[in-house]
Amino acid sequence: MRRFLSLLALAGGLAASAQTGPTVRPLAIGRTVGPEADAQWTVVFDEPSRSGGVNGTVVGSAPDGGVCLATEEAVAGNVRGVVVARYGPDGAERWAVPVDAWASAGASPLSVVAVGEACVAGATVGPFASQRAEVARVSAAGTEWVRTLDPARQDRGVSRLPLVPDGVGGVWASLGTSNFVPSGLRAPVVRFDASGTEVARTTLPMFGNDRGAQALAARPDGGVVVLANQTGLVRVDPSGAATTGLFGGDFEGTALALVGDTDALVLGTTGAAGGTTVMRRLRPDGTAVWETALGANGERDVPAFVSADNLATDGDAVYAAWQDPAGQGLRVARLGATGGATAWSVLAGTPSASAPRGLAIDAGGVAFVSAFGDAVWGALAAADGAPRWSVLRGGVFVSPQSRSLVPCAEGGSCVAVGGVLTARDAAGGVLWTVTRQGERFSDTRLWQTAAAPTGGVFVAGLLPAQDGVGTDPFVGRIAPDGRVAWTAAVDGGGTSDPPVALVPTSDGGVVVASTTFGSARRATVAAFDADGTPRWATWADGDDRIARALAATDGGGVVVAVDEILPNGLVRTSLLRFDRDGSEVWRAEVPDEGSLFALGVAAGPQTVTVAQFVFGSVSTLRADRFDVADGTRRGREETAGRDGCGLTFEGLSAAEDDRGVLHVVVSQSNGPSSCARALVFRFPPAGGIEATYTADAFSGPARALDVSGAGNAAVVYGPGRVALIDADGTLVGDDPAPDGLSVTGVAVGDALEFLLTATDGSLTPILVGSTRSGGFTSSQLPLLVGLPTEASLPVIGADRAGYAALRTTPPGMSVAGVSRVDMALPVAAEAFPASTAMLTVLGPQPAPVGGTVRLRLGTPARLTLFDAVGRRVSTWEARVGEATVAVPTAAGVYLLRAEADGQASTVPLVVVR
């Protein structure tokens, strides 16, 4: 079945890039979390995310080659807290502990260091207007203590909280910002011992717009050196006594390392507006031993981006990383520690790599990582800067305020981002990866599924765009066993609406369509092979077009329906046919523009049919047919409501079956109350309106439609009724949902099996299913089963094997997911009440095989007994009062349904041996 989202497009206003067409990039998202209870498997798409359940990750090295990790994780209700974890050099988790005082406090970790087997983390806590800078020591025993750096003030704007061990079990801490701070900031420098007792304190002097402490370096005597970005180096002895060596001039330091017994290496800038990237070796009084301008070929006019984490030294040399000002990428340089001579300066990564987020010495030379644009993690040879290895990940890689790369794993390096910690060896090989789950939630959303001809399910949705602005569509295939075979994103050059159509092609591939908003609206269409290899991508029919629907044609091609917004505000629909390789075969305009939109398209062996909803004093539904070979128009059918009633687009939906028949369900409600009903139309390839259903039973507006490949249709309408129409157009079932349930979605299979999602008004929907062993009739009640996942969205399709795909939200997550559920589900007896006003089971329960069970009926009723998969066992009439039913000869869970006066009640019967 191919289903289309027939929603009116939303306006957009984001600036488009200078792309000449959509681009496709591979993704690595989606993970299997099943099987679980009634779901065969569930796959969730919870990465990438700008605001995921694990965020704000910072990492610090431990002396044994392991790391400390501090992550901002969602807790109950999606309120953020911080979890601190300790990992060994082999990636084994030693412990993970939430900081109790930061739970539900809006804490964001900024730093973490290892102190023995414990970890000390720094974080900003509370809302911005009353933000505090706090430090917590955490170990396997739990949160040992939490201290506020300056309880008497509000540290608004803090984005740096440098920490360094004092060498005897304690820690030094200070604070700063990457932006100009509020007036009057005089950053504290505080030393806490292992018990959390404050043993030393001083306050940094402030000159001009000093941004406080940018970095700390431990002194051998237990003291600390503080880099105040505009002021200079502040040397603090173990007792807190401080001396300052002023920088002088317009130098601003951002990164610090100690060298020799007394000197410091400082990376910074000179000059206005970023100025020149400079490395200095400074004496304790702030005077320079040497100064070297960095950048391409040693030029001095290089504006730069540097941070506190982009400086490393091995004693003989110092390494620095900064953003190349010409937009060429990340630059890394090596200088001699004694004289400052530049040994080499190279561009690392790709031209679109930008902000460096860490530098470390490992056994492979100098490791680096960048953020934003193309995020690169790699290593250069220390001797000459030759590339050793690199890996690329698109999109926002790490927070601009957090350190994300440290040496670890006995000569390797570790990168932490979004709760994922990965270690690579000196050659770039992955040693291990660990993932902090938290309570996941994501910006990624799932919108479409379609049965894959080669097995499994195609999926399509939206995820945050690679540049962090807007959204891009993504598409992928999930194998029959639940494995994510591949995923890919489509960059249309702006921000995208949800995918409106996802159709498998006749050769096993898939095509996805959406609308991209930038400087113009564009219908973005992309095609993929079965294995995920991109075939082609295009903006169909130029600017100011909105993608509406797709239909597959023979040979792996596709027909696209697009709406053009004309200068007078009216809409004109066009069809474009593309072959397997993306070459345009023909295009055709649907005559008579107006206030309308296309809602579906179907391709048969000879013709293509497109349906439109046309607004007017009497709104209509019309369908035009075109020759599939050359696009010649063949005819039109048009219909309005019945009995003088008008049509509305409430619940409007269209779907195509494998025969090229276009099915449409539409609501009729403009007029007297008798008009309120759902109408179902079928437009066959040969023309005409093959069948229209307007029976009184279809009272109430349309809610949902699904069509199987063979042409069976299931329609949800009114307050929650479901009608089943077979491929010949015969109405074979029309029943209400079980007591107290409202139907939200439907799927139907080729054997007339079906599955509903429904809700009783609570937050946890349930599934309603029929037997797959026969047709659905008015005497059969869909069976109720428990849904193991908290589905927040309805059923969105069935495949040829009798399985339905549902958009789901697994427990403990708020993420996009898809679950595969067998439509012949077993019955969960606990999902039913033991008795109702109409029907009560008096006992015995459980009942022995071959025995009897006594019942009490509140009204004369027709009783039907079903087995665990919905097969009818027996049916009989019963009077008011007590009655007896014979127990089946097979043990199991059965359902007994009572029907009377249009009402129904169902109770379970449990039979044991």
Q) Quick one: salt bridge (charged side-chain N to carboxylate O under 4.0 Å, His left out) pairs with a partner in residues 220-241, sequence neighbours left out? A)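 Counting only pairs at least two positions apart or across chains, the salt bridge (charged side-chain N to carboxylate O under 4.0 Å, His left out) contacts touching residues 220-241 are Arg219-Asp221.
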Measuring from [X]:[atom1] to [Y]:[atom2], what's the distance to the nearest 0.5 Å?
| X | Y | atom1 | atom2 | value |
| --- | --- | --- | --- | --- |
| Glu134 | Thr148 | CD | OG1 | 3.5 Å |
| Leu462 | Asp472 | CG | CG | 8.5 Å |
| Leu431 | Cys408 | CG | SG | 7.5 Å |
| Leu463 | Thr471 | CG | OG1 | 8.0 Å |
| Asp193 | Asp166 | CG | CG | 8.5 Å |
| Glu93 | Tyr87 | CD | OH | 4.5 Å |

Q) Cut-off 3.5 Å, side chains only: do Glu117 and Trp95 have a donor facing an acceptor? A)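 Their side chains do not contain a donor-acceptor pair, so the 3.5 Å distance test is not met.
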Under a 3.5 Å distance rule, please check whether [X] uses its side chain to pair with a backbone N or O of [Y] as donor and acceptor.
| X | Y | answer |
| --- | --- | --- |
| Arg191 | Gly170 | no |
| Thr143 | Trp145 | no |
| Arg132 | Ala123 | no |
| Ser111 | Pro162 | no |
| Ser174 | Pro188 | yes |

Q) What do the steps show when you test Val189 against Val224 for side chain to side chain contact (heavy atoms under 4.5 Å, CB included), and what is the final call? A) CA-CA 9 Å; Val189 181; Val224 69; 4.2 Å; yes
Q: With side chain to side chain contact (heavy atoms under 4.5 Å, CB included) as the test, would you mind laying out the steps for Leu216 and Val225 before giving the verdict?
A: CA-CA 6 Å; Leu216 304 180; Val225 178; over 6 Å; no
Looking at every non-hydrogen atom in both residues, tell me the closest pair between [X] and [Y] and how far apart they are.
| X | Y | value |
| --- | --- | --- |
| Arg424 | Gly428 | NH1-O, 2.8 Å |
| Ala136 | Val99 | CB-CG1, 4.0 Å |
| Pro238 | Gly222 | CG-C, 4.0 Å |
| Leu204 | Ala213 | CD1-N, 3.8 Å |
| Leu267 | Ala321 | CD2-O, 4.1 Å |
| Ala320 | Met279 | CB-CE, 3.7 Å |

Q. In chain order, what residues pass the side chain to side chain donor-acceptor pair (under 3.5 Å) check against Thr313, with sequence neighbours excluded?
A.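 Scan of Thr313 (side chain to side chain donor-acceptor pair (under 3.5 Å), adjacent residues dropped) gives none.
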Q: Begin with the C-alpha distance, continue with both residues' side-chain angles, and end with the deciding distance and a verdict on side chain to side chain contact (heavy atoms under 4.5 Å, CB included) for Ile361 and Tyr319.
A: CA-CA 9 Å; Ile361 305 300; Tyr319 304 86; 3.3 Å; yes
Student check: side-chain heavy atoms of [X] and [Y] closer than 4.5 Å:
| X | Y | value |
| --- | --- | --- |
| Leu175 | Thr124 | no |
| Ser413 | Pro407 | no |
| Val146 | Val135 | no |
| Leu311 | Val318 | yes |
| Val113 | Val164 | no |

Q. So does Asp64 pair up with Arg86, basic N to acidic O under 4.0 Å?
A.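 So Asp64 pairs with Arg86 through a salt bridge.
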Q: Just do the side chain to side chain contact (heavy atoms under 4.5 Å, CB included) check on Val84 and Val97 with the steps written out, would you?
A: CA-CA 5 Å; Val84 179; Val97 174; 5.7 Å; no
